Amino acid sequence: MIKTVLVTGASGQLGKCFQKLAVREEGIDWLFMDSSELDITSNRDLNNFFNRKGIDYCINCAAYTNVEKAESDQEKAFEINAEAVRNLAKICKKNHTTLIHFSTDYVFDGTSKIPYSETDHTNPINVYGASKLKGENYIKDVLTNYFIFRTSWLYSEFGHNFFITILNKVEEKATLNITTAQTGTPTNANHLAQLVLMLIKEKSTNYGLYHFSNSGETTWYGFANEILKVSGKLNNVQLNKDNSYKTIAARPTYSALDNNKLLEAFKTPLKSWKNAVRELYKSGIQN
Ligand SMILES: NC(=O)c1ccc[n+]([C@@H]2O[C@H](COP(=O)([O-])OP(=O)(O)OC[C@H]3O[C@@H](n4cnc5c(N)ncnc54)[C@H](OP(=O)(O)O)[C@@H]3O)[C@@H](O)[C@H]2O)c1
């Protein structure tokens, strides 16, 4: 039977990864809606949309993701990442729709020395992390048939992300000062989209909260170094370690995620972050 899958925030980075996958997927009726077509903060628009279409899965890629701006734009961040998500969860409940949602490693304060598991204490240290955590909690309150994937340091061939930024800097022959003050795991957004597609196709009912990242950990400096290495451009730029990098929003110094629950539930191997970087570069982003 054909399933109907709504993707909100469809023109963002992760939304575009789903659009790429959808091209070769049969058996799914995809509804890709960007922010101008379906604003998740509009209760009326969401209700109208769900009333018109029978939706089996809602993949919510819509989010306020500007971590720096969120510090001075708190109201908007909470409106999109928390209040709208609560409303979306309620509409999913009314329509018997499974909600698939994404959250972040920034729900943690970074004081751990080992990867965070789903049961570890959350304590966000910036507005973005706090707004995303509130969104998670609303979903858990309202729904039973949900999947929440906390992920970290997403990159892909789409949108604004660290991977693309570094490759663009190569063209400018720039000097790059990249921080070593944060450790986490870069995650290829295409891999996350592939996992979600798999669970829809398998009609998984392993609902709940999961951590999803590529395996291993590094710093932003290590990530930049690897991108330059796989692209053969390490000698084209001056790459420096920067220990004094300042941001408006506080960032957890350590935020690697423990993927064991996910590995157990979905029996799917996770690529190492280095292999994932190489795979994306080889797939065609070759400056
Ligand atoms: N990027 C990361 O490093 C990272 C890390 C951890 C977790 N995550 C989570 O992963 C998910 C996907 O992130 P991403 O990298 O794909 O983010 P993204 O590229 O910023 O995409 C977010 C999308 O949401 C849309 N949007 C914003 N407000 C909306 C609204 N009111 N109604 C409908 N759409 C709206 C944006 O549209 P406009 O551009 O038109 O506003 C944008 O297309 C998010 O939940 C994010 O919190 C991301």
Side-chain angles (χ1 to χ4, degrees), residues 6-21 31-46 49 58-70 73 75-89 91 99-108 116 122 124 126-136 138-139 146-166 182 184-193 195-196 209-214 220 223 247 249 251-252 255-257 273 276:
L6 165 65
V7 180
T8 57
S11 63
Q13 172 176 214
L14 186 56
K16 284 193 176 148
C17 293
F18 283 108
Q19 297 206 43
K20 188 172 102 178
L21 281 184
L31 303 168
F32 289 103
M33 306 302 279
D34 69 21
S35 59
S36 66
E37 294 161 326
L38 186 60
D39 178 348
I40 65 159
T41 65
S42 167
N43 180 39
R44 195 195 54 194
D45 291 358
L46 278 180
F49 194 89
C58 172
I59 304 178
N60 182 33
C61 295
Y64 186 109
T65 56
N66 190 328
V67 179
E68 292 291 271
K69 209 168 148 211
D73 201 9
E75 208 174 308
K76 193 86 189 152
F78 274 85
E79 184 191 7
I80 296 170
N81 291 343
E83 303 313 320
V85 171
R86 172 162 64 174
N87 194 40
L88 187 58
I91 293 171
L99 178 60
I100 301 171
H101 181 75
F102 306 96
S103 188
T104 170
D105 53 335
Y106 285 7
V107 298
F108 297 112
Y116 283 100
T122 51
N126 59 41
V127 169
Y128 167 73
S131 68
K132 294 293 294 184
L133 180 61
K134 199 162 183 191
E136 287 183 10
Y138 279 149
I139 292 174
Y146 68 84
F147 297 92
I148 300 171
F149 295 101
R150 284 189 190 139
T151 188
S152 60
W153 303 18
L154 279 187
Y155 66 92
S156 67
E157 63 271 55
F158 304 115
H160 303 287
N161 63 68
F162 190 79
F163 181 94
I164 304 262
T165 303
I166 294 294
Q182 293 147 36
T185 309
T187 301
N188 185 332
N190 291 288
H191 294 177
L192 178 53
L195 174 88
V196 169
L209 169 69
Y210 294 94
H211 286 178
F212 180 95
S213 66
N214 286 120
W220 289 103
F223 187 15
T247 52
R251 318 271 168 144
S255 64
L257 300 172
W273 73 266

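Since this is a predicted model, take the numbers as computed values, not measurements. Order of listing sets the numbers, starting from 1, for every ligand and every atom in it.
For ligand 1, residues of the protein lying within 4.0 angstrom by heavy-atom distance are Gly9, Ser11, Gly12, Gln13, Leu14, Ser35, Leu38, Asp39, Ile40, Thr41, Cys61, Ala62, Ala63, Thr65, Ile80, Phe102, Ser103, Thr104, Tyr128, Lys132, Thr151, Trp153, Leu154.
Aromatic pair Tyr138/His101: ring centres not closer than 6.0 Å.
With 3.5 Å as the limit, one finds no donor-acceptor pair spanning the side chains of Ser156 and Asn190.
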**Message:** Please determine whether side chain to side chain donor-acceptor pair (under 3.5 Å) holds for the pair Asp105 and Ser255, giving the CA-CA distance in whole Å, both sets of side-chain angles, and the decisive distance to 0.1 Å.
**Reply:** CA-CA 6 Å; Asp105 53 335; Ser255 64; 2.8 Å; yes
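Scored by the salt bridge (Lys or Arg N to Asp or Glu O under 4.0 Å) test, Glu37 finds no partners at all (sequence neighbours excluded).
The aromatic rings of Phe149 and Phe212 stand perpendicular to each other, their planes meeting at an angle above 60°, with 30° marking the opposite boundary. Classification of the Trp220-Trp153 ring pair by plane angle, with boundaries at 30° and 60°, yields parallel.
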